[in-house]
Amino acid sequence: RAFWGWLNAAFNKVDYERIEAVGPDRAAAEWLLRCGALVRYQGSHKWQQDYNGLPTGPLGKYKIEAINATDSCIMYRGFDYLDGLEHVIEIKLQKCIYIQDQCLQRLSETTNLQKSLLQLKIISCGNVTDKGIIALHKLTNLEYLYLSDLPGIRQKETTVHILQQALPNLELELDLE
């Protein structure tokens with residue numbers, strides 16, 4: 001178990017030289033796929049899941065539009081890869097054992113995501129609490145938030161109220177006990 005934790009931490013280590021060399025979208029795609037997530041590029045309806053099949057082309061040609069991190073090992077340590085992404089409109093975090101409040105806080109403080117992110121789904125991430133969900137209030141353009149199977153959410157009504165006050169245009173869908 002410790003070995004996998006170490007390996008996942010290694011997969012999440014940010015390579016700033018790589019971001020500089022290949023651009024933020026390519027570097028982020030490499031990180032996400034290495035960790036078991038999927039990406040979808042602007043203008044495509046197909047999810048990219050094969051690391052070795054990552055498209056090549058001129059720097060900046062492929063822009064990440066959506067991230068599906070279901071069952072992935074992404075963790076806070078790798079979130080610097082998100083900083084340069086300007087076109088991400090949709091993120092799904094499902095069964096991500098390393099996603100916790102600190103990650104959602106970091107996500108919501110990412111300037112580009114504050115502008116671009118429209119849809120966010122957080123499902124079966126056991127380390128997420130009310131604090132992490134409330135931190136999402138900085139995603140001012142968020143239109144849709146789906147929350148499901150989050151046992152760490154203890155004050156559902158209060159959390160929902162705070163989010164709705166901060167984001168009056170947010171469509172909030174809950175499937176919480």
Determine whether [X] and [Y] make a side-chain contact, defined as any pair of heavy atoms from C-beta on separated by less than 4.5 Å.
| X | Y | result |
| --- | --- | --- |
| Ile162 | His137 | no |
| Val14 | Ile19 | yes |
| Glu143 | Gln119 | no |

Quick one: pull up [atom1] in [X] and [atom2] in [Y] and give me the separation to the nearest 0.5 Å.
| X | Y | atom1 | atom2 | result |
| --- | --- | --- | --- | --- |
| Ile153 | Thr159 | CD1 | OG1 | 5.5 Å |
| Leu107 | Leu139 | CG | CG | 6.0 Å |
| Leu54 | Asp25 | CG | CG | 11.5 Å |
| Lys131 | Gln100 | NZ | CD | 10.0 Å |
| Leu117 | Ile91 | CG | CD1 | 5.0 Å |
| Ile99 | Asn127 | CD1 | CG | 9.5 Å |

What do you reckon, is CD of Glu17 surrounded by more than 12 foreign heavy atoms closer than 6.0 Å?
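No, the 6.0 Å shell around CD holds no more than 12 heavy atoms from other groups.
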
Assess whether side chain to side chain contact (heavy atoms under 4.5 Å, CB included) is satisfied between Ile133 and Asp130, documenting all intermediate values.
CA-CA 5 Å; Ile133 300 302; Asp130 298 272; 5.8 Å; no

Answer with yes or no whether the hydrophobic clustering places [X] together with [Y]; edges join I, L, V, M, F, W, Y residues whose side-chain heavy atoms lie under 4.5 Å apart.
| X | Y | answer |
| --- | --- | --- |
| Leu145 | Leu118 | no |
| Ile89 | Leu104 | no |
| Leu150 | Tyr98 | no |
| Leu172 | Leu142 | yes |
| Tyr51 | Val39 | yes |

Remaining members of Leu59's ILVMFWY cluster at a side-chain heavy-atom cut-off under 4.5 Å?
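Members other than Leu59 - counting any ILVMFWY side chain reachable under 4.5 Å - there are none.
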
List for me each residue that meets side-chain contact (heavy atoms from CB on, under 4.5 Å) alongside Gln49, sequence neighbours excluded, and say none if there are none.
Leu38

Not counting sequence neighbours, which residues clear side-chain contact (heavy atoms from CB on, under 4.5 Å) with Thr140? List them please.
none

Only distances under 3.5 Å count here; give the side-chain donor-acceptor pairs of residues 67-75 to other protein atoms, sequence neighbours excluded, each with its distance to 0.1 Å.
| residue | atom | partner | partner atom | Å |
| --- | --- | --- | --- | --- |
| Asn68 | OD1 | Thr70 | N | 3.0 |
| Asn68 | OD1 | Thr70 | OG1 | 2.6 |
| Ser72 | OG | Ala69 | O | 2.9 |

Considering all heavy atoms of both residues, which atom of Gln105 and which atom of Ala135 are nearest to each other, and what is their separation?
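So the minimum-distance heavy-atom pair works out to OE1-CB, 3.5 Å.
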
Which heavy atom of Ala29 sits nearest to which heavy atom of Ile64, and what is that distance?
N-CD1, 3.7 Å

Going by the rule side-chain hydrogen bond (donor to acceptor under 3.5 Å, both in side chains), which residues pair with [X] if we only count those two or more places apart in sequence or in a different chain?
| X | answer |
| --- | --- |
| Asn112 | none |
| Asp175 | Ser148 |
| Arg26 | Glu30 |
| Lys92 | Gln94 |

Tell me if a side-chain donor or acceptor on Thr129 pairs with a main-chain N or O of Gly152 at a distance below 3.5 Å.
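Looks like no, no N/O pair under 3.5 Å.
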
What residue pairs, at least two apart or across chains, pass salt bridge (Lys or Arg N to Asp or Glu O under 4.0 Å) with a residue in residues 96-122?
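Passing the test, one end in residues 96-122: Asp80-Arg106, Asp83-Arg106, Glu109-Lys138.
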
Which residue pairs satisfy the salt bridge (Lys or Arg N to Asp or Glu O under 4.0 Å) criterion with at least one member in residues 40-50, sequence neighbours excluded?
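Every salt bridge (Lys or Arg N to Asp or Glu O under 4.0 Å) pair that includes a residue of residues 40-50, provided the two are not neighbours, is Arg40-Glu65, Arg40-Glu90.
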
Sequence neighbours left out, what pairs pass ring pair (Phe, Tyr, Trp, His ring centres under 6.0 Å) with at least one residue falling in residues 144-176?
none

Residue pairs involving residues 59-81 (criterion ring pair (Phe, Tyr, Trp, His ring centres under 6.0 Å); sequence neighbours excluded)
Trp31-Tyr81, Tyr41-Tyr62

